[in-house]
Amino acid sequence: MRQIVFKLRDGALRSGAAEVPVDVSPLTPDKLFGEGEDEIKSTKVWWGNRQENVERIFEVSVSGDASGAEEVKVVFEGELRKVKRIGYEMSAGEIVAEGSVGMHCGARMRGGRITVNGSADCWAGCEMHGGTLIIEGDAGDNLCACYRGETTGMTGGTVVVKGNAGECIAQYMAGGEITVRGNADMLAGLDMKGGKIVIEGDAVMPGANMSGGEIIVKGKVIDMMPSFKYEETVTIDGEEYKKYRGDFAIGEKKAKGTLLIRS
Amino acid sequence: MGGVRVILISGRTLEQGTNLENKLSDEYMNATAVCELSERELEKLGLKGDGTERVRVRTSAGEIVVAAKKGEGYPEGVAFIPMGPWANAVVNGNTKGSGMPFFKGIEAEIEPTDDEIPSIYDLMRRYKE
Amino acid sequence: MAVYTDVLCPFCGCICDDIVVEVGEDGKITKVKGACAIGRSKIMGHDRMESPAIREDGELRDCSYDEAIKRAAEILADARRPLLYGWSSTVCETDRAGVELAVEIGAIIDNTASVCHGPSILAIQDVGLPSCTLGQIRNRADIVIYWGSNPVFAHPNHMKRYSYLSKGRFTPGGKKDRKMVVVDVRETKSAKLADLFVKVRPGGDFLVFSALRAILRGHEDVVPDEVAGVEKKDLLSLAEMIKNANFIITFFGMGVTHSGARHNNIANAIEFTRAAHLHTKATIMPMRGHYNVNGFNQVCTWLLGYPFSIDLSQGYPWYNPGETGAVDVLVHGECDAALIISSDPASHFPADAVRHLARIPVIQIDPYPNPTTEFADVVIPSAICGVEAEGSVYRMDSVPLRVRKIVDSKFMADEEIIRRILEEVRAIKEKEGE
Amino acid sequence: MAELLIKNGVVFDPINGVKGEKMDICIRDGKIVESLHDEHGARVIDASGCVVMPGGVDAHAHIAGGKVNAGRLLRPEDGRRGLEPKRGVCKPCTGYSVPNTWATGYRYAKMGYTFVMEPAMPPLTARHTHEELVDTPIIDKAALPLIDNNWMTLQYVRDENYEMLSAYVAWMIRATRGYGIKIVNPGGTEAWGFAKNCGLDDPVPHWDVTPADIIRALAHANERYEMPHSIHVHGNMLGHPGNYETTLRTFDVVKGISASMQRQTMHTTHIQFFCYGGTSWKDFESKADEIAKYVNENEHITIDLGSIILGDTTTMTADGPMEYTLYRLTGRKWTNHDVELETGAGIVPFLYSSRNPVHSVQWTIGLELALLIKNPWKVVLSTDHPNAGPFIGYPILISMLMSKKRRDEVMKEVHPAVFDRSSLASIDRELDFHEIAIITRASAAKILGLHNHGKGHLGVGADADVAIYGISHEESDAGAVQRAFLNAKYTIKCGEIVVKDGEIVATPEGRTFYVEPECEESLMNEVMKDIERLFKEYYTVSLSNYPVQDVYTPHPYVIKAPMSG
């Protein structure tokens, strides 16, 4: 087992009155498992419009050995809100972020596990295909959605958000499962085609343009879509839910989405 | 005298547009440092809405003092400030992953005040501090 | 005295091109005919920034163009995350130079669309845009819908030249051959002229579009009796109007892009248009604000593949409004220098964004002083495009036109200013041995 | 300018009858010359073991203008598929099927191409097309204005006033700085203004003319001048099962009209999309054999292939109703942009899937055509970029046309419908380098009439546009062929080395070619009265703001087209 710790140096991201984000997409178990300590420290990361050695920005410590990415644990420490693309495209191993993280955490992830001990900014788990993403705090907007122009978002994997989630989560979702313990803001599951979303709190206009998949809302629905059809009341785990089908705005043939709202 | 809770929207007006490239002028300030309210809201606030009275508008993003004016066509609970620096003093900058802040549909609280409307220079000075 | 006819108006996205301008012996404009009040005011001109200036000890000190350009280049060459913003009230030639500058320094480049019709662009990228040029509407449209848009104020000549009040081949009777519908949260001046006014509660547009789509696709049974403050019977009669039309156009404005679901409102408006197209010819168009806001989006798209909010820091274009928008990078305190051209973010950005802008070095290029000047560190006055400088512009319907130079000016044109800054930046980089 | 000598290459220059001969090419001041002034001072490229051809000429690729840009805008996801950071002399590149203008210039140059025809320029937005062409580096280019659905055209065709029509056409080509007459779904695009379409012999709604009338009249108008190119036709019913019959009838429309120059009277474009049999997508089949038969038997027609590259692409055409049909099939994104009084445009992303029987058969058709049409001078390689696939797929097509083995391999991977509904499996013909040189440069140059203006050949006086491919003229391995044609060893543009070892080393600006038909003044004055009325009553721009100004063609190459005698 190998552990690599990146501790953000105080003030390392400061440039005048600004704090310029750093892109840590090269710092995944996949990319680092075979590298020596010196190589890891001199890995280039983009900080604004120039590349820097990772060591200039993070204190780096490496312990243990690994024969593959799955035996690597990467830990990020410090004030991580301006640290972007943690675990970008990772396929194996583990990443733990000790604090709230910047945008695109776990985006395009295919496997492995990311734990954020804080909140995650927008586009966490975007276009995720596999693996596990646990966010102890809140998730920002476009969680598990897709980048501009794509028409398929998350296709697989598991995501748990223990706090609230922002707008447009899981847009164009096609597979996998998302649980939000708190509330989800506007348009959860927009354009959803498959997979499952469980929102334990409230949701605003969930399921618009849904053509497949399932959304379960345990709290209130604010602004129910006017283009869903009530079908029946069903019982899940001893609780009664109203079951709706939609979205009829896209036509009856395509309206294969299921929206379950606890009554 | 209590305040009222409204949904605040900002947008273009002809006067605002005409003075768009003359923003340091009094005309621009007169055109944009204004909150238009429906008769109902004005009644609740005990104001005439002739443009001589002032209100304080407060949102989660900040607060601003502007002139109160009667607006036509507004449903109850909706208030309007022409787009510009006074409106933006109370607009939240979080774009929620879209790049676009909420310039319209902002929850706001409005109350009468005797405080002065800040000039454009006062407003900018605030930002510099 | 000289008289210029068919002059193009450099104010809004309508770009009226039948203006008459008279110029006196002294080379000053004396009269503007055929323009709306806003356009006339723009062409006539008023108080200018007289000299380039650099801020020293808190005060602006007049200087030469050379000195201001050099200082601007130093600021930009030094920055880690510079923002180049504005670009909508200038010509495409400037925008092309701006893109080259952004590529050179690894900047974020963004235009005013990001606080205007940026959401419309995001929506187009999601679903597309069934649209047309304005002449199609003039000649064919029998239903004109203004949704969240108030043309009487924002585009005063729009109805007369291009839509409700104009006359064309299949609409020889003008407004007698058309019906006008206004959808808004308040009864605007435009709404008062409409044959049908539909009042939606603020933020409710998304729901109304979805209900109309379901109805147009034959599923009115699922729609509840009231949707976002609109009675179902009103939705049904609007849908009936649409089904019986020959050609419908929906013009939408910031009433939809600025509120509620923002870009998803527009995506839904476009989906509504597609549903209407099952019954008739249905088109939709954003009411673009600045005369060349579209032009910048066009230039950026052909040069960089994306229309606005582009981050070039890593050498290739990364496009992600919400992360790379001007408001985003300012509110997040990310950018460490800014060049603002033909725009005034101090007035038009939310307070949090302006606060950060006030803290970082700012270069301003503009014919006029404005609130952004209050904290600009370098100020470079420029010639007014369409009056003192010529160039390409794109109308709201993407028709490219060339605005003209009518009078001489002592001020440098925007394009030249940007090209000079670019040259200086290259010289600095060469010195640094990059 | 310094002299350049290309030594020891095996040269294929079909226009000059050079068929794989080892010979030297001398270059001075951007032109091919007989011999050098100073052989010792000249820069020498040793092309031993290489194939040398004139710079490639693309007769039909949508690379610039409002529609292309709307395609880029529509597809940021496509943009991300072709990202390349700035490097050396190159600016950043984006896009796979809809690349940015920089990438377009670089990628063509890397394939050894030096001239591209943008084949669909809406007159009202011609300025936009030219702005993008100017920003497309290295290559020379031209654009064809759409003149077939214009109200003025329809009116003159209806009135059978062909004199006025020819004057109007001349004015349009000059006003737009265009190269010739483009026709796209004549009548159908006008009908699309009210969401309708029409067939070759149906009356156009509100106009009392048929598409066939329009095509015939425009062919006559074109031949009144010594136009370098014939009418360039995308006919009616593109992409519909059973459309091959319409295609054959369209060919017949201009039969008997004599050309003013030594060339075809009609170039029919991306003909793959017009070779469909069957009555629906269920019994859809290739009719490439029928089309090839007609082309073999008649001299007035030339074609380009519009061959499919399997995979994702972006379809875009002025044929608005066709794109709407495609959108209804896919249910994905759809952009439509009708242009007042003139034309329209539709854009739909599309995936040609090897698992789909229709797409697989479509894929065979382009190859069938190239192999069944006996005379390669009637054929131009194209993908109707990006409609049937992006232009960077040309090397794939070349390798297929040169290798029966490669075709057989791919046929096994695609849907088996290709064995029943297409004749491709039974065709043994393999094109050689000479024939490839014809269909990728020489025939295109002749069909466009560019061979008289220095393009498509290496004769003395021609533009020094040369492609040197790092491959032996005896090589038969399809993979090696594909690699060689994707990244030229050298590309020389007007005497300047722009590509070396597959990398861009210089990015000069290319020229814009346009034609000036020379109409009699009195006739022109008369037609101007009609044009003035048209602008006043129906257009939303003033006549004086309509024509493209000089500034949009900073490097012009003007071809005069006098009235034909």
Side-chain angles (χ1 to χ4, degrees), chain A residues 13-21 23 25 46-52 81-82 84 102-104 121-123 126 140-142 146-151 166-168 171-172 186-187 190-191 204-205 208-209 223-230 244-255, chain C residues 78-82 105-107 121-122 125-126 203-204 206-219 221-224 226-228 232 235 260-264 267-268 271-272 275 306 311-315 319-323 329 332-337 356 358-361:
Chain A
L13 303 183
R14 201 144 266 291
S15 171
E19 264 203 279
V20 175
D23 174 350
S25 53
W46 282 97
W47 178 50
N49 54 16
R50 295 168 179 76
Q51 282 181 301
E52 300 287 351
R81 284 174 199 274
K82 289 276 187 296
K84 288 185 181 176
M103 291 176 180
H104 314 290
D121 208 338
C122 303
W123 289 283
C126 182
D141 310 288
N142 306 320
C146 48
Y147 289 114
R148 303 292 175 203
E150 297 288 351
T151 47
E167 287 189 10
C168 300
Q171 185 173 8
Y172 286 109
M186 209 181 286
L187 295 169
L190 178 63
D191 303 302
V204 186
M205 298 196 285
N209 294 340
D223 284 341
M224 175 69 189
M225 290 305 299
S227 42
F228 273 65
K229 189 177 193 171
Y230 171 74
Y244 293 84
R245 190 180 140 206
D247 181 344
F248 281 79
I250 60 173
E252 188 175 11
K253 264 193 221 154
K254 290 188 191 164
Chain C
D78 193 42
R80 274 275 167 179
R81 199 155 173 75
I105 63 174
I121 294 172
L122 298 187
Q125 293 174 330
D126 192 7
F206 189 90
L207 298 165
V208 174
F209 286 126
S210 284
L212 280 169
R213 286 168 62 195
I215 292 167
L216 288 167
R217 287 185 185 275
H219 308 300
D221 54 317
V222 306
V223 175
E226 185 246 289
V227 180
K232 182 175 178 178
L235 293 174
R262 298 180 320 281
H263 55 293
N264 291 310
N268 217 359
E271 291 277 18
F272 150 71
Y306 308 98
D311 176 0
L312 287 150
S313 61
Q314 299 190 13
Y319 165 71
N320 201 28
E323 176 185 17
V329 293
H332 296 149
E334 284 184 16
C335 67
D336 57 353
H356 185 70
R359 286 193 203 115
I360 60 173

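Here is the naming used below: chain letters follow the sequence lines, and residue numbers restart at 1 for every chain. Quantities reported herein were computed from a predicted structural model and do not represent experimental measurements.
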Q: Report the option among A/Ala255, A/Pro226, A/Gly48 that has the most heavy-atom pairs separated by less than 4.5 Å from atoms of chain C.
A: A/Pro226
**Q.** Close side-chain approach of C/Val222 to A/Tyr244, heavy-atom, < 4.5 Å
**A.** no
Q: Using non-hydrogen atoms and a 4.5 Å limit, figure out which bit of C/Leu122 sits close to chain A: side chain, backbone, both or neither.
A: side chain
Q) Looking at C/Arg262, C/Glu226, C/Lys232, which one has more heavy-atom pairs under 4.5 Å with chain A than the rest? A) C/Arg262
Q | Residue part contacting chain A, namely of C/Ile105, when any heavy atom lies under 4.5 Å | A | backbone
Q: Flag the one option from C/Asp126, C/Leu212, C/Val208, C/Val227 with the top tally of heavy-atom pairs under 4.5 Å to chain A.
A: C/Asp126
Q) Is there a donor-acceptor contact under 3.5 Å from the side chain of A/Arg148 to the main chain of C/Pro321? A) yes
Q. Under a 4.5 Å heavy-atom cut-off, does chain C meet the side chain of A/Trp47, its backbone, both or neither?
A. both
Q: Specify which of A/Glu150, A/Gln51, A/Glu252, A/Met224 makes the most heavy-atom pairs with chain C at under 4.5 Å.
A: A/Glu252
Q: Answer with side chain, backbone, both or neither: which region of A/Met225 has an atom nearer than 4.5 Å to a non-hydrogen atom of chain C?
A: both
Q.
Tell me the closest heavy-atom pair linking A/Met205 and C/Ala261, and the distance in Å.
A. CE-CB, 4.5 Å
**Q.** Beyond-backbone contact of A/Glu167 with C/Asn264, side-chain heavy atoms, under 4.5 angstrom
**A.** no
Q: Go through the atoms of C/His356 and report whether side chain, backbone, both or neither lie under 4.5 Å from a heavy atom of chain A.
A: side chain
Q: Tell me, for A/Asp23 versus chain C, whether the close heavy atoms (under 4.5 Å) come from the side chain, the backbone, both or neither.
A: side chain
(Q) Any heavy-atom pair between the side chains of C/Glu323 and A/His104 that's under 4.5 Å? (A) yes
Q: Tell me, out of A/Asp247, A/Leu13, A/Asp223, who's got the most heavy-atom pairs with chain C below 4.5 Å.
A: A/Asp223
Q: Mark yes or no for whether C/Arg217, through its side chain, and A/Phe248, through its backbone, hold a donor-acceptor pair below 3.5 Å.
A: no
Q | Residue pair C/Asn320 / A/Trp123, side-chain heavy-atom distance below 4.5 Å | A | yes
Q) Which region of A/Phe228, side chain (C-beta onward) or backbone (N, CA, C, O), has a non-hydrogen atom less than 4.5 Å from a non-hydrogen atom of chain C, or is it both or neither? A) backbone
Q. Highest number of heavy-atom pairs under 4.5 Å with chain A: which of C/Ala211, C/Ser210, C/Pro224?
A. C/Ser210
Q: Name the region of C/Asp311, side chain, backbone, both or neither, that has any atom closer than 4.5 Å to a heavy atom of chain A.
A: neither
Q) Which residue out of A/Gly16, A/Gly149, A/Cys122, A/Ser15 racks up the most heavy-atom pairs below 4.5 Å with chain C? A) A/Ser15
Q) Does some side-chain heavy atom of C/Arg81 sit less than 4.5 Å from a side-chain heavy atom of A/Asn49? A) no
**Q.** A/Asn209, part contacting chain C, at a heavy-atom distance under 4.5 Å
**A.** side chain
**Q.** Heavy-atom check, side chain of C/His219 versus side chain of A/Ser227, under 4.5 Å
**A.** no
Q) Taking all atoms of both residues into account, what is the closest heavy-atom pair of C/Ala79 and A/Arg50, and its distance? A) O-NH1, 3.1 Å
(Q) I'd like to verify something: which residue of C/Gln125, C/Arg80, C/Gln314 has the highest number of heavy-atom pairs under 4.5 Å with chain A? (A) C/Arg80
Q.
If you define the side chain from C-beta out and look only at heavy atoms, does anything of A/Ile250 sit under 4.5 Å from C/Arg213?
A. yes
